[in-house]
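Have a look at the structure below before the remarks.
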Amino acid sequence: MGIIEWAMSPLGQNVPIHIAWFLIWVAVIAGILFLVVHAIYIRYFAKEKEFVADASHTIATQLPKRIPRHSLTARLFHWVMAAAMFTLLFTAFLPKVGYQFDWVTYHWIAGVVLSISILFHIIHASFFLDFWSIWPDRADIEDARKRVQRFFGKPAGLPRKFAKYPLENKLYHGAIIVTGLSVMLTGIFMMFRVRTIFFPRNPYLFSDMTWGLMYVLHGLAGVGLITLVITHVYFAVRPEKLPITASMIVGSMSRDFYLKEHDPKRWVVEPSANVQRGMADGD
Ligand code: HEM
């Protein structure tokens with residue numbers, strides 16, 4: 001049993017038509033397995049996080065009580081994207097696992113909403129937010145090495161506290177970029193295969209082979225997103241992460257949480273900032 005389904009084209013060529021749908025269950029099980037193993041590890045084995053000392057205690061009193069974290073625009077983008085993402089996942093995969101309904105129209109509409117919100121996010125993040133805050137830097141790599149060595153019981157210094165986003169979040173964001181752009185770009189072309197309000201249907205735009213590969217890429221990235229979304233929601237509801245999740249609703253987090261996890265030198269919050277001003281230009 002392969003991971004791709006094939007069919008004979010009218011020209012007698014063997015072409016891929018889409019992924020094998022059992023991959024949906026592989027993705028669901030992988031997501032559940034990850035969260036079970038992670039939860040057991042945190043509950044029974046993980047030690048308290050330790051960081052090298054920094055200037056937190058000296059600047060604590062100069063900081064506002066609430067630290068601005070996500071501007072209103074960034075929060076709106078996040079929740080619009082989340083609604084589109086869930087709609088896409090359910091409309092795509094429920095019919096494949098036995099719940100039949102007329103899904104295609106809902107699917108491409110949610111696809112258009114996701115695509116617009118992604119384009120908006122790229123522009124917003126490039127010109128109005130701190131673009132580099134979500135990309136791994138040298139300190140992340142050095143600290144990751146220390147964390148891995150310490151995990152295996154080898155001697156290594158303590159890592160620094162995180163910048164605005166820990167390395168794990170940055171890597172997760174990278175995976176979302178790859179899968180998100182893949183479904184978006186293939187999905188826009190696949191709209192030529194169905195009736196939409198944007199352009200006339202044209203199933204002859206590409207050869208059967210090209211269409212087939214496009215459907216396969218759309219499907220692979222799609223099932224990848226099942227696993228990624230499961231892990232994302234899992235972390236969002238973990239008790240120790242709730243202040244971060246709440247900040248995606250209210251926009252800010254407590255000073256104590258900020259000082260516990262973040263290095264004020266790597267994620268600089270202006271001492272004089274008040275929450276309102278910080279969120280107007282914040283990210
Ligand atoms: C979470 C994101 C997405 C997932 C999981 C997903 C998944 C899927 C799946 C599994 C199919 C069925 C393909 C097949 O039968 O081989 C499909 C079809 C389709 N998708 Fe997506 N998709 C996503 C995003 C998008 C986006 C962003 C767009 C548009 C911009 C889009 C447009 C389409 C269209 C037009 C079809 C119908 C093709 C047809 O029936 O011929 N999808 N999608």
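When a ligand or atom number is given, it counts from 1 through the structure's own listing order. Bear in mind that the values here come from a model prediction, so they are computed numbers and not experimental data.
- In terms of protein heavy-atom proximity, atom 9 (C) of ligand 1 is closest to Ala92 CB, 3.7 Å.
- In summary, the atoms of ligand 1 found under 4.0 Å from a heavy atom of Trp21, numbered by their order in the structure, are 10 (C), 14 (C), 15 (O), 16 (O).
- Val223 and Ala27 make their closest contact through O-CB, 3.3 Å (heavy atoms, listed as atom of the first residue, atom of the second, distance).
- Side chains of Ser182 and Thr179: a donor-acceptor N/O pair is absent below 3.5 angstrom, by distance only.
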Under the salt bridge (charged side-chain N to carboxylate O under 4.0 Å, His left out) criterion, do Asp140 and Lys170 qualify, and how do the steps go?
CA-CA 10 Å; Asp140 288 322; Lys170 294 177 178 182; 2.5 Å; yes

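- Separation of atoms CG (Leu217) and OG1 (Thr186) is listed at 5.5 Å; rounding is to 0.5 Å.
- Of all heavy-atom pairs spanning Thr61 and Thr58, the tightest one is OG1-O, 4.5 Å.
- The closest protein non-hydrogen atom to atom 41 (O) of ligand 1 is Tyr215 OH, 2.4 Å.
- Ligand 1 has a nitrogen or oxygen under 3.5 angstrom from a nitrogen or oxygen of His107.
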Do Asp54 and Lys265 pass the salt bridge (charged side-chain N to carboxylate O under 4.0 Å, His left out) test, and can you show the C-alpha distance, the side-chain angles, and the key distance before you say yes or no?
CA-CA 9 Å; Asp54 59 23; Lys265 281 215 186 79; over 6 Å; no

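- Counting the atoms of ligand 1 from 1 in the order shown, those under 4.0 Å from a heavy atom of Leu225 are 1 (C), 2 (C).
- The shortest side-chain heavy-atom distance between Leu181 and Ile118 falls under the 4.5 Å cut-off.
- Given atom 1 (C) of ligand 1, the protein heavy atom at minimum distance is Met85 SD, 3.2 Å.
- Heavy-atom separations between Phe90 and ligand 1 are all 4.0 Å or longer.
- Which of Met190, Met191, His218 comes nearest to atom 31 (C) of ligand 1 through a heavy atom is settled by distance: it is His218.
- Shortest contact from atom 40 (O) of ligand 1 to any protein heavy atom: Val194 CG1, 3.8 Å.
- With hydrogens left out, the protein atom closest to atom 24 (C) of ligand 1 is Leu88 CD2, 3.5 Å, a heavy atom.
- Considering only non-hydrogen protein atoms, atom 29 (C) of ligand 1 sits nearest to Gly187 C, 3.5 Å.
- Counting heavy atoms from C-beta on, the side chains of Ile17 and Trp6 never come closer than 4.5 Å.
- Among all protein heavy atoms, the one lying closest to atom 10 (C) of ligand 1 is Phe93 CE2, 3.5 Å.
- Considering only non-hydrogen protein atoms, atom 30 (C) of ligand 1 sits nearest to Ser115 OG, 3.4 Å.
- Every atom of ligand 1 is numbered from 1 in the order shown, and the set under 4.0 Å from a heavy atom of His18 is 16 (O).
- Residues Tyr165 and His173 bring no donor and acceptor atom of their side chains to less than 3.5 Å of each other.
- Taking the ring centroids of Phe206 and Phe189, they lie under the 6.0 Å cut-off.
- Counting the atoms of ligand 1 from 1 in the order shown, those under 4.0 Å from a heavy atom of Leu89 are 5 (C).
- Near Ile188, meaning under 4.0 Å from one of its heavy atoms, ligand 1 places the atoms 29 (C), 30 (C).
- Put simply, no part of Gly219 is less than 4.0 Å from ligand 1, judged by heavy atoms.
- A heavy-atom distance below 4.5 Å is not found between the side chains of Ser133 and Leu129.
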